[in-house]
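Reading through the structure tokens given below for one structure.
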Amino acid sequence: MNDLPVVNIGICGLGTVGQGVWKHVTRSRAKLEARLGAKLRLTRASVRDLTKKRQVRVGASRLTTDPMEVATDPKIQIVCELIGGTTVAKAVTLAALRMGKTVVSANKALVCEHGPEIFAEARKHGGHYFFEAAVAGGIPIIKAIREGLVANRFDRIYGILNGTCNYILTRMERERLTYGEILKEAKARGYAEADESLDVDGWDTAHKASIIAYLAHGTWVPTQAMGVEGITRITQVDMHYAREHDLAIKLLAVIERDFKTDELSVVVAPMLLPRTKVLANVNEVFNGVSVTGDVVGETIYIGRGAGQDATASAVISDIVDGVTLLVRGNAALPEPVEHHCPPRPPEHSTNRYYLRLDVKDEPGVLSKIAAATARFKVSIASVQQTQSTRAAAATLMLTTHLTNEKAIRSAVAQLRRLAGVLGTPQLLRIASFED
Ligand code: NAP
Ligand code: HSE
């Protein structure tokens, strides 16, 4: 055992995830070392504030406030970037990769925004960049798409990719609280990003969707090129409607490729999902990803999407891959082949929709709404009315038959201009995902 090679690991960022990694590597060290045939040393860690109380005990001599010291320490072979953000994290990542090291990251914003540059740097200097923890927390979805499902092409991938939002939506549904009340708890549990608007406005899901789209199709879709909506406009009225109609509201990423036209679409938005779908029943902090491959059919992955332990599980799996490559030879894993898929135009995207509007409670409003939707050939399937919280107003909930995205958006723009319509209508897709 004494002759085993030693692999030194440095942790940049000892917050929620970093401490989880420290804790579980320490606890499972003997088991991991036996499986790897190598000794693991947690050599150094960086933090911003040396006086902050930590859940894990790290000797003062091993702590620094300079993550670059960890990243460029010649003794350290594997650097975990668990800082977050795209400035310091990027500098640390590139510095470590330029020294030929392996970098393990949970940072989806960084992969999404600077993936090509980072991957190129890893290749150039003979290092590796692993990021399993960046998508869907503890679910090994990157391994599944990149390795396990390599025989497939992917017509459709859809997923609940943000634990914070799923936690909020589940609790809103069950306890009828507002999203703001529950967000505080999600933060306390370590699920939310340092900037929580990344979660609730949909951007964190968009970062993850961009990474999945690249791994599955070889095309980088920047978040600005996707439709991205968050959950902040979901109200108890929407929740009530969903409950009554056996639907669930989930923040979904939907990645679809039409292999006839090659068009690729990546959308992030809250959607109504029939309760019969597995993902409609994925609750709390859990994430769920449905991957449909032409060879395998549909496969579904469910697991905790955020939080210290689940994320540490994914980071440690990458550390283990890094150690394996170091100890048993420097092979590379299969990489996506770069390919340019054109974006799918909105008129090629069809859905049923749910539309909630506050309107003046007076005669003729409904006929004006029907005329506005008919103008864009949007056919209404059902109408329900309830009391509005606004004075002298009613809330209407409409659903449409299948219609295309361009038509419904034009109809909603027209509705916003109608004198009888108050405020901004709420538009949600009703996702059925039937072929
Ligand atoms: P966190 O709790 O805020 O921890 C960040 C750590 O980095 C802290 O130790 C902090 O130091 C340090 N740090 C922050 N800014 C720094 C700077 N400018 N220079 C040096 N050190 C700095 O964040 P986290 O939740 O662990 O997330 C870390 C990464 O994992 C992010 O990319 C996040 O998106 C990703 N991620 C998180 C989860 C989750 O459930 N939390 C899940 C998957 C992926 P102090 O402790 O001294 O403040
Ligand atoms: N804030 C993220 C989430 C962390 O809630 O899903 C996991 O990526």
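Atoms within a ligand are numbered from 1 in the order they appear, just like the ligands themselves.
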Handout entry: Residue A306 vicinity, atoms of ligand 2 by number, heavy atom under 4.0 Å
Key = 3 (C), 4 (C), 5 (O), 6 (O), 7 (C)

Handout entry: Identity and separation of the nearest protein heavy atom to atom 8 (C) of ligand 1
Key = G15 N, 3.7 Å

Problem - Residue portion contacting ligand 2 (non-hydrogen atoms closer than 4.0 Å) for N162 - result: both

Fill in the blank from the handout: A student checking ligand 2 against D199 at a 4.0 Å heavy-atom cut-off should list atoms 1 (N), 2 (C), 3 (C), 5 (O)

Exercise for the section: May I ask you to check if ligand 1 and A194 share an N or O to N or O distance below 3.5 Å? Expected result: no

Handout entry: Y129 and E121 side chains, donor-acceptor separation under 3.5 Å
Key = no

Practice task
Could you tell me whether some N/O pair between A192 and ligand 1 is separated by less than 3.5 angstrom?
Solution key: no

Practice task
Name the closest protein heavy atom to atom 42 (C) of ligand 1, giving the residue it belongs to and the distance to 0.1 Å.
Solution key: T311 OG1, 3.1 Å

Practice task
Say whether G163, considering both its backbone and side-chain N or O atoms, lies within less than 3.5 Å of an N or O atom on ligand 2.
Solution key: yes

Practice task
Flag yes if more than 12 heavy atoms outside R275 fall under 6.0 Å of its CZ atom; otherwise flag no.
Solution key: yes

Practice task
Would you check if there is a donor-acceptor pair between the side chains of N162 and K250 at a distance under 3.5 Å?
Solution key: no

Problem - Charged N-O contact under 4.0 Å between D155 and R257 - result: no

Handout entry: Nearest heavy atoms of M226 and S210, plus distance in Å
Key = CE-CB, 3.6 Å

Problem - Within 6.0 angstrom of H240 NE2, more than 12 heavy atoms from elsewhere - result: no

Practice task
For ligand 1, find out whether one of its N or O atoms is nearer than 3.5 Å to an N or O atom of G307.
Solution key: yes

Problem - Donor on one side chain, acceptor on other, E196 and Y191, under 3.5 Å - result: no

Exercise for the section: Please determine if V17 has a nitrogen or oxygen closer than 3.5 Å to a nitrogen or oxygen of ligand 1. Expected result: yes

Practice task
Take every heavy atom of R54, measure it against each atom of ligand 1, and state whether any distance is under 4.0 Å.
Solution key: yes

Fill in the blank from the handout: Closest to atom 30 (O) of ligand 1 by heavy-atom distance, out of A106, G20, A310, is A106

Problem - Per atom 20 (C) of ligand 1, closest listed option by heavy atom (P67, G190, G163) - result: P67

Handout entry: Six-ring centre of F433, R156 cation under 6.0 angstrom, axis tolerance 45°
Key = no

Handout entry: Atom indices of ligand 2 within 4.0 angstrom of K208 heavy atoms, with elements
Key = 2 (C), 3 (C), 6 (O), 7 (C), 8 (O)

Problem - Polar atom proximity, Q308 to ligand 1 (N or O, under 3.5 Å) - result: no

Completion exercise
Closest heavy-atom approach to atom 4 (C) of ligand 2 among K187, E193, R304, R189 is made by E193

Problem - Is_contact(atom 3 (O) of ligand 1), protein non-hydrogen, under 4.0 Å - result: no

Handout entry: Enumerated ligand 2 atoms positioned under 4.0 Å from heavy atoms of G305
Key = 6 (O), 7 (C)

Practice task
Could you say whether the N/O atoms of K108 and ligand 1 ever approach to under 3.5 Å?
Solution key: yes

Problem - Where ligand 2 meets K108 - atom numbers and elements under 4.0 angstrom, heavy-atom basis - result: 2 (C), 4 (C), 7 (C), 8 (O)

Handout entry: Polar proximity ligand 1 side, S46 side, N/O cut 3.5 Å exclusive
Key = no

